[in-house]
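This report refers to the structure that appears directly beneath it.
Note that ligands are numbered from 1 as they come in the structure, with each ligand's atoms numbered from 1 the same way.
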Amino acid sequence: MIRERLIFEISDEGKKGFSFPKLDVPESKTVTENFPLRDEIKDFPQVSELEVVRHFTRLSQTNYCIDKGIYPLGSCTMKYNPKLNEKIAQIPSFLSSHPYSDQEMMQGNLKVLKTMEDLLAEVTGMDAFTSQPAAGAQGELVGMMLIRAYLEAKGDPRKFVFIPDSAHGTNPSSAHICGYKVKEIKSNQQGTVDLDDLEKNMNEDTAAIMITNPNTLGVFENQIKEVSDLVHSQGGLVYMDGANMNALMGICRPGDMGVDVMHLNLHKTFSTPHGGGGPGAGPVGVKSILEPYLPIPRVIKQNNHYLFHSDYPKSIGRIHGFYGNFLVVVKALAYVLSQGPDGLREVSETAVLNSNYIRKSLEKEFHLEYKTPTLHECVFSDKLQKKHQVSNLDIAKRLIDLGAHPPTMSFPLIVHGALMTEPTETESKADLDLFIQAMKQIAKEAEENPEVLKSAPHHSYVRRLDEATAARNPKLRWEP
Ligand SMILES: *Cc1c(COP(=O)(O)O)cnc(C)c1O
């Protein structure tokens with residue numbers, strides 16, 4: 001395969017992307033004199049239009065993306081993002097509105113924000129939402145700050161936050177950044193929170209429990225009501241990581257399970273693109289006891305009029321410039337409105353069905369550490385393949401050859417050699433079958449020809465990398 005060179009390396013003195021006919025009028029200096037045009041940038045690539053087009057087209061084709069095929073990256077919910085959302089976000093009045101515009105000029109935008117916050121409250125059973133946080137992890141931090149502010153107002157912020165060992169990795173960081181000590185709570189045989197372990201540890205130093213539901217094993221925390229009753233009985237609060245709400249929408253509501261505060265990921269459940277560090281949104285929902293502490297400004301409706309309101313003396317303050325990533329909210333609202341309530345429920349049902357189809361189809365070939373029925377994702381391990389010295393890394397790399405993005409690897413930590421697989425609802429049965437076939441082929445190769453796995457990928461643009469060296473000592477120059 002030909003390696004794509006850097007655009008600097010295809011540059012040649014004098015090549016241009018355009019050419020104008022010779023002037024048939026006298027040259028005027030006024031334009032160049034009156035505009036601060038930049039001098040030539042040293043070593044700026046000089047290339048033709050065709051070279052630019054081919055260079056970037058080829059680069060774009062070396063990337064795997066959801067528009068190319070299945071992307072079953074567990075916990076990340078890489079579902080297809082309908083192009084309609086993009087079209088709506090590109091409506092000129094959204095696209096070109098300026099955050100410093102007068103509120104009178106932004107009534108439509110404010111209505112979008114308020115409508116979305118109200119709809120999210122309805123879906124989750126919470127009382128109020130803010131869509132300021134830019135990501136799930138920032139939502140968690142905001143949630144922890146709200147809990148701290150609430151407990152501080154009562155005179156004691158407390159010391160500990162409990163986090164089950166099946167929680168998402170961002171949870172402990174968020175609690176820690178907010179000044180809490182993290183205590184890990186064990187999972188039981190079913191892969192859910194061990195109530196006995198929680199009860200043993202619970203006391204009046206406990207500020208909160210952060211519980212991911214469904215958890216990263218894809219298992220629904222069916223004792224969440226008991227968990228929240230127990231935590232509440234000692235004055236603690238319940239944070240739910242709702243990034244996986246795509247398994248619950250229209251079926252059950254965290255607000256009915258004793259959850260006090262939660263976040264959602266618009267860039268997962270609500271089909272706005274993510275990855276590559278692009279903008280996301282991690283709206284935070286609260287029960288009314290925490291509402292006075294929400295970040296300012298808040299969007300409110302008064303006499304049929306929308307406005308930013310900042311007069312909340314107990315608020316934790318502003319946590320993002322302006323009001324978060326506005327266009328992400330526009331895309332997510334387009335998604336919610338185009339699905340409607342029944343559509344959202346069907347999304348969750350299909351996500352769960354698809355995941356269980358994969359789980360059932362591969363349960364002979366790949367080990368399942370937990371036998372509990374799962375929702376939107378299932379976690380296989382490499383235990384059976386380890387007998388042939390094949391690891392989850394080898395399986396993941398071979399999947400690249402076979403046309404699929406690998407599942408999330410080596411997470412959650414409680415499953416050794418994990419392959420956490422989340423197909424999402426947007427895959428057809430035919431595409432699920434292609435993935436299942438590829439996985440079955442890999443299981444067979446592990447027995448018959450493990451070498452082909454250990455040296456995979458064979459057909460990708462880049463072969464297997466020495467990942468430690470690549471991270472520590474990246475080679476950024478092309479060498480012929
Ligand atoms: C993705 C995810 C997060 C973090 O969300 P970011 O937007 O990546 O910060 C938190 N919890 C769970 C369960 C997740 O899947």
Side-chain angles (χ1 to χ4, degrees), residues 66 71-79 81 120 124 130-145 161 163-178 182 187 191-193 208-221 224 238-249 254 259 261-285 319-320 324-325 328-329 331-332 348 351-352 355 374-379 405 407-415 418-424:
I66 189 65
Y71 208 131
L73 201 58
S75 208
C76 295
T77 314
M78 304 298 285
K79 64 168 76 175
N81 311 127
L120 294 180
T124 57
T130 171
S131 37
Q132 259 190 61
Q138 196 187 14
E140 293 168 25
L141 179 61
V142 167
M144 286 293 107
M145 290 164 76
V161 168
I163 301 184
D165 56 11
S166 64
H168 193 266
T170 45
N171 290 189
S173 325
S174 303
H176 180 79
I177 290 174
C178 206
V182 172
S187 294
T192 56
V193 172
I209 184 166
M210 281 185 102
I211 188 165
T212 304
N213 197 20
N215 63 32
T216 57
L217 291 167
V219 176
F220 184 72
E221 292 286 349
I224 187 157
V238 178
Y239 184 96
M240 190 183 110
D241 181 332
N244 297 333
M245 194 68 197
N246 52 309
L248 309 181
M249 281 187 300
V259 170
V261 45
M262 67 177 295
H263 83 266
L264 296 165
N265 278 40
L266 298 191
H267 49 288
K268 289 181 182 170
T269 306
F270 297 95
S271 94
T272 72
H274 62 138
V284 169
I319 48 97
H320 193 285
N325 287 322
V328 177
V329 179
K331 292 177 201 183
S348 297
V352 172
S355 163
T374 45
L375 298 187
H376 64 299
E377 63 194 5
C378 54
V379 183
H405 194 283
T408 297
M409 264 179 48
S410 305
F411 192 84
L413 301 175
I414 48 176
V415 176
L419 287 163
M420 183 203 218
T421 311
E422 178 183 12
T424 83

### Option set H168, H263, M210, criterion heavy-atom distance to atom 12 (C) of ligand 1, minimum
H168
### Task
Would you kindly say whether S355 and E377 are connected by a side-chain donor-acceptor distance under 3.5 Å?
no
### Query
Do any nitrogen or oxygen atoms of A135 come within less than 3.5 Å of a nitrogen or oxygen of ligand 1?
no
### D165 versus S187, side-chain donor and acceptor atoms under 3.5 Å
yes
### Query
Is the backbone of P412 close enough, under 3.5 Å, to the side chain of T216 for a donor and an acceptor to pair up by distance?
no
#### Entry: Flag, side chain of E221 to backbone of N213, donor-acceptor distance under 3.5 Å
no
### Query
If we only count N/O pairs under 3.5 Å, is T216 in contact with ligand 1?
no
### Query
Do I66 and K79 come close enough that some side-chain heavy atom pair is under 4.5 Å?
no
### Query
Can you list the atoms of ligand 1 that are under 4.0 Å from a heavy atom of K268?
1 (C), 2 (C), 3 (C), 5 (O), 14 (C), 15 (O)
### Message
Checking contacts here: is it the side chain or the backbone of N265 that comes within 4.0 Å of ligand 1, counting heavy atoms only? Could be both or neither.
### Response
side chain
### Query
Can you tell me which residue and heavy atom of the protein come closest to atom 11 (N) of ligand 1, and the distance to 0.1 Å?
D241 OD2, 2.5 Å
### Message
Just so I know, are the side chains of V261 and V238 near enough to count as touching, which here means a heavy-atom distance under 4.5 Å?
### Response
no
### Query
Which ligand 1 atoms are under 4.0 Å away from a heavy-atom of E140?
10 (C), 11 (N)
### Message
If I apply the N/O under 3.5 Å rule, does T212 come out as touching ligand 1?
### Response
no
### Enumerated ligand 1 atoms positioned under 4.0 Å from heavy atoms of A137
4 (C), 5 (O), 6 (P), 9 (O)
### Message
Below 3.5 Å, N or O to N or O, backbone or side chain included: is there any such pair between N171 and ligand 1?
### Response
no
### Task
Determine yes or no for a side-chain-to-main-chain donor-acceptor pair under 3.5 angstrom, with K268 supplying the side chain and M78 the backbone.
no
### Message
Under a plain distance cut-off of 3.5 Å, with no hydrogens placed, do E422 and N244 share a side-chain donor-acceptor pair?
### Response
no
### Query
How are the rings of H405 and Y71 set to each other: parallel, tilted or perpendicular (split at 30° and 60°)?
parallel
### Query
So is H267 close enough to ligand 1, meaning a heavy atom under 4.0 angstrom away?
yes
### Query
Quick one: which ligand 1 atoms are inside 4.0 Å of a heavy atom on A243?
2 (C), 11 (N), 12 (C), 13 (C), 14 (C), 15 (O)
## Note on the structure
among protein heavy atoms, the one nearest atom 6 (P) of ligand 1 is G136 N, 3.4 Å
### Query
If you measure from each heavy atom of H274 to ligand 1, is any distance below 4.0 Å?
no
